[in-house]
There are 2 protein chains.
Amino acid sequence: MMSVPLYEAKAELFRLLGHPVRIRVLELLQDGPMPVRELLAAIEVEPTGLSQHLAVLRRSSMVTAHRDGSTVVYALAGGDVADLLRAARKLLTQKLTGQNELLTELLDTETGVR
Amino acid sequence: MMSVPLYEAKAELFRLLGHPVRIRVLELLQDGPMPVRELLAAIEVEPTGLSQHLAVLRRSSMVTAHRDGSTVVYALAGGDVADLLRAARKLLTQKLTGQNELLTELLDTETGVR
DNA sequence: TTAGGAATTGCGAATTTACGCAATTAGCGG
DNA sequence: CCGCTAATTGCGTAAATTCGCAATTCCTAA
């Protein structure tokens with residue numbers, strides 16, 4: 001089995017998350033499964049574009065899809081995607097609130113970050 | 001102040017993390033500040049390439065740099081980048097084991113792949 | 001001041017990714 | 001079967017990333 005270095009996989013994961021539409025989809029799906037139609041209504045994107053981004057998320061096994069009649073319903077596929085999004089939000093709020101650099105710097109230098 | 005939607009910022013963050021070299025740098029810096037020279041020795045990349053990736057991390061305030069004599073030392077800049085990397089590792093581990101389960105299940109039940 | 005290493009920056013070429021239109025598949029109702 | 005909505009796929013082009021070479025900056029030692 002050709003082993004892919006973990007950091008390669010990690011980079012790939014982040015790269016796949018690196019698009020606004022895909023982030024929106026994942027965030028919306030955190031509240032439970034949702035048909036494409038609703039995703040389409042909630043996100044500012046054209047049907048074709050949404051499909052393509054959903055395909056990316058599907059191929060990387062971050063979401064699952066199943067038909068229900070004439071509509072297709074998407075859902076988060078297991079793994080803790082939520083943790084990632086949460087960590088991202090945490091980091092961003094820190095950065096956006098910005099000027100508490102003092103605090104983070106203190107915490108950082110204190111421990112020597114081991 | 002022109003507010004950037006949070007999901008845009010989040011996507012941007014992930015996009016910036018989405019490169020093997022940048023991931024490696026962040027992981028290495030988790031053990032403490034490190035001069036470029038050492039990063040260069042530890043990562044398989046050319047000086048010019050490393051500089052460019054370091055520039056990306058600098059511009060997005062994920063790392064800081066300061067000169068120490070003739071060398072430049074990089075360090076993680078505050079925020080909980082570590083949390084992100086940890087969450088990513090967790091998700092990847094789940095995913096990889098999950099793929100194995102799926103694979104064995106496929107081999108056990110049917111040979112058909114449609 | 002000059003030589004040299006360390007690190008960065010400025011392009012240009014090559015690769016990758018995103019977007020939109022047209023065409024296609026799939027289910028539902030008349 | 002036919003028409004219609006939902007969703008996806010196939011391309012071609014536009015836009016963004018990446019990478020390496022050459023040139024530049026900054027520091028140190030002679």
Side-chain angles (χ1 to χ4, degrees), chain A residues 4-5 7-26 28-29 33-77, chain B residues 4-5 7-26 28-29 33-77 113-114:
Chain A
V4 176
Y7 60 86
E8 290 270 5
K10 217 177 282 187
E12 162 106 347
L13 171 61
F14 285 127
R15 190 169 53 77
L16 293 175
L17 289 172
H19 191 287
V21 170
R22 297 199 282 268
I23 290 291
R24 288 289 286 135
V25 167
L26 293 177
L28 287 168
L29 291 185
M34 192 175 284
V36 173
R37 182 172 19 83
E38 289 186 23
L39 291 173
L40 201 45
I43 308 176
E44 201 156 326
V45 64
E46 317 210 8
T48 181
L50 180 58
S51 271
Q52 286 165 346
H53 288 297
L54 288 174
V56 171
L57 295 175
R58 251 186 292 122
R59 279 196 294 271
S60 53
S61 300
M62 286 194 265
V63 304
T64 60
H66 75 273
R67 292 202 82 102
D68 182 18
S70 70
T71 77
V72 176
V73 178
Y74 278 82
L76 288 189
Chain B
V4 176
Y7 61 87
E8 290 270 5
K10 218 177 281 188
E12 162 106 346
L13 171 62
F14 285 127
R15 189 169 54 79
L16 294 175
L17 288 173
H19 191 288
V21 171
R22 297 198 282 268
I23 291 290
R24 288 289 286 133
V25 167
L26 293 176
L28 287 168
L29 291 185
M34 193 175 286
V36 173
R37 183 171 18 84
E38 289 187 24
L39 291 172
L40 201 45
I43 309 175
E44 202 156 326
V45 64
E46 317 210 8
T48 181
L50 180 57
S51 271
Q52 286 165 345
H53 289 297
L54 288 174
V56 170
L57 295 175
R58 251 186 292 122
R59 280 195 293 271
S60 53
S61 300
M62 286 193 266
V63 303
T64 60
H66 75 273
R67 292 200 83 102
D68 182 19
S70 69
T71 77
V72 177
V73 178
Y74 278 84
L76 289 188
V113 192
R114 239 183 357 124

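Naming: A, B, ... by sequence-line order, numbering from 1 per chain.
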Does [X] put a side-chain nitrogen or oxygen below 4.0 Å from OP1 or OP2 of [N]?
X       : N      : value
B:Tyr74 : C:dA6  : no
B:Arg15 : C:dT17 : no
A:His53 : C:dC19 : yes
B:Arg37 : C:dT8  : no
B:His66 : C:dA7  : no

Q. Is there a side-chain contact (heavy atoms from CB on, under 4.5 Å) between A:Val21 and A:Leu50 once you walk through the steps?
A. CA-CA 7 Å; A:Val21 170; A:Leu50 180 58; 4.2 Å; yes
Q: Return the nearest nucleotide to the side chain of B:Arg22; candidates are D:dT18, D:dT8, C:dT8.
A: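 Looking only at side-chain atoms, B:Arg22 lies closest to D:dT18.
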Please give, in whole Å, the distance from [N] [atom2] to [X] [atom1]?
X       : N      : atom1 : atom2 : value
A:Ile43 : C:dC19 : CD1   : P     : 12 Å
B:Leu50 : D:dC19 : CG    : P     : 11 Å
B:Glu44 : D:dT18 : CD    : P     : 18 Å
B:His19 : D:dA16 : NE2   : P     : 18 Å
B:Arg59 : D:dA16 : CZ    : C1'   : 13 Å
A:Leu54 : C:dC19 : CG    : C1'   : 15 Å
B:Leu57 : D:dT18 : CG    : P     : 11 Å
A:Leu17 : C:dA18 : CG    : P     : 12 Å

**Q.** Sugar-phosphate, base or nothing in reach of B:Thr71, heavy atoms under 4.0 Å
**A.** sugar-phosphate
Q.
Is the ring pair A:Phe14/B:Phe14 parallel, tilted or perpendicular, if the boundaries are 30 and 60 degrees?
A. parallel
Find out whether [X] and [Y] are in side-chain contact, i.e. whether some heavy atom of one side chain is under 4.5 Å from a heavy atom of the other.
X       : Y       : answer
A:Val25 : A:His53 : no
B:Met62 : B:Leu13 : yes
A:Leu16 : A:Leu57 : no

Q | base_contact_polar (D:dC21 base, B:Thr48 side chain, donor-acceptor, <3.5 Å) | A | yes
**Q.** Residues A:Leu54, A:Val72; criterion side-chain contact (heavy atoms from CB on, under 4.5 Å); working and verdict
**A.** CA-CA 11 Å; A:Leu54 288 174; A:Val72 176; over 6 Å; no
Q | Whichever of A:Glu46 and B:Leu40 has its nearest DNA chain C nucleotide further upstream toward 5' | A |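 First, find each residue's nearest nucleotide; the 5'-ward one identifies B:Leu40.
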Q. B:Ala77 and B:Ser61: which non-hydrogen atoms are nearest, and at how many Å?
A.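 For B:Ala77 and B:Ser61, the tightest heavy-atom pair comes out as CB-O, 3.5 Å.
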Dump the pairs, protein N or O against N or O of nucleotides 23-30 of chain D, anything under 3.5 Å, distances to one decimal.
none

